[in-house]
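What follows is a single structure, written as structure tokens, with notes after it.
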Amino acid sequence: MKYEAVIGLEVHAQMATETKIFCGCSTKFGSEPNSQTCPVCIGMPGVLPVLNKKAVECAIKTGLAVHSNISAYSRFARKNYFYPDLPKGYQVSQYELPICEGGHIEIVIDGEVKKIGLTRIHMEEDAGKNIHEGGGPYSFVDLNRTGVPLMEIVSEPDIRTPAEAAAYMKKLRAILRYLEVCDGNMEQGSLRCDANVSVRPVGQKEFGVKVELKNINSFRFVEKALEYEIKRQIKTLEDGGKIAQETRLFDSSTGVTQSMRSKEEAHDYRYFPEPDLVPMVPSAGWLEEIRQSLIELPDAKRERFVSEYGLPEYDAEMLTTEKAVASWFEEAVSAGGQAKAVSNWMMGELTRMLNDENRSIENCPVKPEQLAGMLKLIDNGTISGKIAKTVFEEMYKTGKEAAAVVKEKGLVQISDEAAIEKAVDEVLAKSPNEIERFKAGDEKLMGFFVGQVMKATKGKANPQMLNELLKKKLQSS
Ligand code: ADP
Ligand code: ZN
Ligand code: MG
């Protein structure tokens with residue numbers, strides 16, 4: 001029997017506010033433990049929370065960007081449970097009336113656009129952090145994170161493969177970063193994800209029993225954890241077993257998921273409306289103001305890159321993941337670079353070089369106009385595409401213009417037929433055996449001859465001329 005997976009993601013995003021959601025404490029990451037706390041966020045009796053308007057704005061902005069309905073009336077609730085990192089004994093979260101409902105996000109899979117539905121976006125406060133170190137019979141609690149504002153973005157079970165889950169998460173991160181509502185830093189935990197997954201026989205309508213995978217903090221792990229879990233569930237069913245509804249933890253060092261708690265052990269959170277906070281009723285004027293502030297987002301940009309520049313969906317998707325990358329592309333094109341050529345160089349050489357040094361495009365030593373300048377030299381035959389790689393590397397190292405590099409290093413393409421012919425003749429004169437084999441039908445040797453001539457001309461022979469000359473000579477020899 002063939003199975004398919006059904007996946008829904010719950011993503012927690014830390015909202016980019018200076019201060020916490022219900023008090024004035026700083027949200028800065030990495031400070032001395034418990035240095036960013038006050039009576040409100042450590043849950044002293046008698047204190048009152050005051051909602052951070054900037055946090056609400058972040059959530060509304062996100063909702064508008066992903067086509068959600070912004071609730072005319074929403075409120076907070078108390079989610080009750082005991083844990084040392086939760087000094088109040090409850091987490092303030094939105095429950096039955098979240099700030100945003102519905103909406104969707106578009107992903108590109110195998111060159112096709114797919115819509116993933118959203119169930120809701122709600123706001124909540126983060127908990128603190130238990131630290132188990134020092135080796136003694138005790139643990140520490142750091143409450144700096146307590147009360148940091150989070151959005152939880154819940155998807156519909158529309159995702160079907162681990163690759164789609166990763167694409168969804170990447171797209172969501174891109175949107176949040178465009179909006180500047182979350183920095184998307186996964187290592188620091190600004191973006192984390194719980195993945196719900198079930199399997200069912202292909203063709204069956206009903207969903208299978210779902211398992212929740214907790215706290216996944218990288219795109220790669222989301223794929224790895226889901227791949228493992230889907231295999232595990234299919235094997236269980238094929239062996240005649242049943243899937244238990246449970247929460248499992250992914251161990252990134254072993255690549256395995258392990259049971260954390262079953263449905264029977266699940267908490268009863270005894271939700272009830274938070275009595276210390278008034279319901280939220282955003283005014284029409286404020287909503288409009290936020291709507292007006294929205295810039296062109298990744299999906300709109302991707303569509304425009306396809307229609308305006310004729311790029312494939314895949315290229316357009318890659319180039320619009322970061323605002324700065326998209327701008328770099330558009331600058332190179334407006335400086336005269338042909339769109340697909342610019343895209344190829346950006347997604348190939350440029351990305352590789354930047355990644356090698358862990359550099360962002362903002363700090364790229366090559367300027368968009370300089371790439372356009374180099375592409376012109378390829379177009380007018382001054383350099384070959386192969387030599388261009390050497391030129392580009394040098395441009396990246398030195399920040400120099402393509403023309404200057406070509407001149408300094410003597411990299412001008414040889415388009416002098418007599419010079420190429422001489423090199424071809426020399427190579428053929430040295431390769432009687434290869435010529436015999438070529439004539440006997442081993443056509444792969446064409447590559448050998450081209451390679452030898454390129455070597456002799458230090459890669460500078462005009463490839464087209466070289467090919468034509470070689471063919472002619474081989475036929476007549
Ligand atoms: P819970 O009641 O356990 O919180 P929800 O229905 O609220 O479950 O869904 C939580 C997440 O799980 C959502 O992202 C949803 O899309 C996803 N989900 C729900 N049912 C399934 C299923 N059978 N298989 C996979 N994912 C599911
Ligand atoms: Zn505080
Ligand atoms: Mg739920």
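Every number for a ligand or one of its atoms is a count from 1 in the order of the listing. Along the sequence shown, residues are numbered consecutively beginning with 1. Just so it is clear, the values below take in all heavy atoms, side chains as well, and ignore hydrogens, waters and symmetry mates.
Atoms CD and OH, on E133 and Y138 in that order, are 9.5 Å from each other to the nearest 0.5 Å. Rounded to the nearest 0.5 angstrom, R220 CZ and E223 CD are separated by 10.0 Å. Atom CG of residue N130 and atom CG of residue D85 lie 4.5 Å apart, to the nearest 0.5 angstrom.
When non-hydrogen atoms are compared, ligand 1 lies under 4.0 Å from neither the backbone nor the side chain of T119. The part of V154 lying near ligand 1 is the side chain, judged by heavy-atom distances below 4.0 Å.
Side-chain polar atoms of S31 and N144 form no donor-acceptor pair below 3.5 angstrom.
Within the listing of ligand 1, atoms 14 (O), 16 (O), 17 (C), 26 (N) sit less than 4.0 angstrom from a heavy atom of G8. Which parts of ligand 1 touch G208 is read off a 4.0 Å heavy-atom cut-off, strictly below it: atoms 23 (N). Of all atoms in ligand 1, numbered sequentially from 1 with element shown, those under 4.0 Å from a heavy atom of S198 are 22 (C), 23 (N), 24 (N), 25 (C). Annotation for ligand 1: atoms under 4.0 Å from non-hydrogen atoms of F207 are 23 (N). Those atoms of ligand 1 with a heavy atom of V6 less than 4.0 angstrom away are 24 (N), 25 (C). Within ligand 1, the atoms closer than 4.0 Å to a non-hydrogen atom of E156 are 16 (O), numbered from 1 in the order shown.
Ligand 1 has an N or O atom lying under 3.5 Å from an N or O atom of N196, backbone or side chain.
The closest non-hydrogen atom to atom 14 (O) of ligand 1, taken over A5, S155, G117, comes from S155. Distances from atom 1 (P) of ligand 1 to the heavy atoms of R120, K210, K263, E212 show the closest one on K210.
Partner I121 forms a side-chain contact (heavy atoms from CB on, under 4.5 Å) with one of Q94, M151, E101 and no other, that one being M151.
Judged purely by atom type and a 3.5 angstrom limit, T320 has no side-chain atom pairing as donor or acceptor with the backbone of A326. R177 contributes no side-chain N or O that, together with a main-chain N or O of G184, makes up a donor-acceptor pair within less than 3.5 Å.
The closest side-chain heavy-atom distance from D183 to F29 is not below 4.5 Å.
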